[in-house]
K.L.:
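Below: one structure in structure tokens.
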Amino acid sequence: MKTFTNVKDLGDLNTAIQEALEVKKNRFAHKTLGENKTVMLVFFNSSLRTRLSSQKAAMNLGMNSMVLDVAQGAWRLETERGVMMDGDKSEHLLEAIPVIGAYCDIIGVRSFARFESKEDDCNEKILNQFIKYSGRPVFSMESATAHPLQAFADLITIEEFKPCKHPKVVLTWAPHPKALPQAVPNSFADFMNEADVDFVITHPEGYELDPKFVRNAKIEYDQKKAFEGANFIYAKNWAVFRDDAYGKILCKDMNWTVNAQKMSLTDSAFFMHCLPVRRNMIVTDEVIESPQSIVIPEAANREISCQVVLKRMLESLKVD
Ligand code: AN0
Ligand code: CP
């Protein structure tokens, strides 16, 4: 595996799930695979889970890991080619990327949507430069449009908790005070569309996601109707995608908060969220603390999804 940016990079999804479950059964089975190899984790944005789970996954494989927090201690990076660098940015990404590549074997990149230019976000301007110029396998740790390590962990979690062969999975928009990227819902849709589930997306009008990720998923604008008979409720906020209000918040509609009354419409659904979550905006204390909340095992599976990706990248290094 040379890149991990979307569901297709995993190849057959059932094989990937089985591999994840094997890794989980014995996470030290490949503890020498990563000997003398180094993964560099480059963060342009904050993280708790991605940072720790990626380092832990690397340790399980016997790899070294290095973390670069671009905003803390590194030179400020220019990302536009052709500008005269007479401002506050001391280094260009075009030098920084190959230099980073020189010190490691695999690179993980976190670079959120900036909501400054829809075109730049959609073209994955930062991540794609790492893929092009680093000379290393690169995986997304949440890029402008996708968070595949999260969605893979979500799928593993659904596989573990599903009460029937073909569960109903509902992705619901929920309110948040800040404009958040579409990366998490995009990748969740990307994976659910390939999985053996009945997938429904519910959100207020105006919050339609990129059709490239939604594909044939059912859209239901009535949240309560969407919740009926659901086996999994996956809550997430995201900002507007459409051109005329890209990156904006249309409403903080508190009617969309996931609460116990809405959960009672479901078929005893499990509650999921990628975290970090704002309590009593996205979900009530009562629901996130309920026995049906699986946000902690979901976060724990981030170690597993990352370990499968690192394992496959290490295996492809051996072949080269
Ligand atoms: C980020 C987001 O919504 O994309 C990261 C989620 C994993 N969330 C926040 O910035 C709160
Ligand atoms: N879910 C997730 O990616 O969390 P962090 O932003 O803390 O890494």
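For ligands, and for the atoms within them, numbers begin at 1 and follow the listed sequence.
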K.L.:
For L275, is the nearest heavy atom under 4.0 Å from an atom of ligand 1?
P.N.:
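It does; at least one heavy atom falls under 4.0 Å.
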K.L.:
Around atom 4 (O) of ligand 2, find the nearest protein heavy atom and jot down its residue, atom name and distance.
P.N.:
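Result for atom 4 (O) of ligand 2: R49 NE, 2.8 Å.
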K.L.:
Does ligand 1 have any atom that is closer than 4.0 Å to a heavy atom of K236?
P.N.:
yes
K.L.:
Under a 4.0 Å heavy-atom limit, does E142 contact ligand 2 with its side chain, its backbone, both, or neither?
P.N.:
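It is neither part, as no heavy atom is under 4.0 Å.
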K.L.:
For F115 and Y246, I'd like to know if the aromatic rings sit close, meaning centre-to-centre distance below 6.0 Å.
P.N.:
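Yes, close enough.
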K.L.:
Distance under 6.0 Å and angle within 45° of the ring axis: does K248 meet both against F241?
P.N.:
no
K.L.:
Please check if the side chain of D121 supplies one atom and the backbone of R114 the other of a donor-acceptor pair under 3.5 Å.
P.N.:
yes
K.L.:
Using only heavy-atom distances, determine whether the side chains of D154 and Q150 contain a donor-acceptor pair under 3.5 Å.
P.N.:
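Side-chain D/A pair, D154 to Q150: present.
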K.L.:
Backbone, side chain, both or neither: what part of H273 comes under 4.0 angstrom of ligand 2, heavy atoms only?
P.N.:
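The answer is neither.
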K.L.:
Does ligand 2 have an atom under 4.0 Å from some heavy atom of R110?
P.N.:
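Yes, R110 has heavy atoms under 4.0 Å from ligand 2.
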K.L.:
Is there a path of hydrophobic side-chain contacts, each under 4.5 Å between heavy atoms, that joins I296 and I282?
P.N.:
yes
K.L.:
Pull out every atom of ligand 2 sitting under 4.0 Å from any heavy atom of L275, numbered as shown with elements.
P.N.:
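Near L275, the atoms of ligand 2 are 1 (N), 2 (C), 4 (O).
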K.L.:
Could you point out which residue of L127, I131, T3, V39 forms a side chain to side chain contact (heavy atoms under 4.5 Å, CB included) with F139?
P.N.:
V39
K.L.:
Could you list the atoms of ligand 1 found under 4.0 angstrom from a heavy atom of P181?
P.N.:
2 (C), 3 (O), 4 (O)
K.L.:
So, N128 and K132: side-chain donor and acceptor under 3.5 Å apart, yes or no?
P.N.:
no
K.L.:
Could you check atom 7 (O) of ligand 2 against the protein and tell me its nearest heavy-atom contact, residue, atom and distance included?
P.N.:
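Protein heavy atom with the smallest distance to atom 7 (O) of ligand 2: L48 N, 2.6 Å.
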K.L.:
For atom 9 (C) of ligand 1, grab the closest protein heavy atom and report residue, atom and distance to one decimal in Å.
P.N.:
L180 CD2, 3.6 Å
K.L.:
Which part of R302 is near ligand 2, with near meaning a heavy atom under 4.0 Å away: side chain, backbone, both or neither?
P.N.:
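Side chain only.
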K.L.:
Quick one: are the ring centres of H273 and Y234 less than 6.0 Å apart?
P.N.:
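No: the rings miss the under 6.0 Å criterion.
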K.L.:
Which ligand 2 atoms are under 4.0 Å away from a heavy-atom of H147?
P.N.:
2 (C), 3 (O)
K.L.:
Considering only heavy atoms of E142, which atoms of ligand 1 have at least one such atom less than 4.0 Å away?
P.N.:
2 (C), 4 (O), 5 (C), 6 (C), 7 (C)
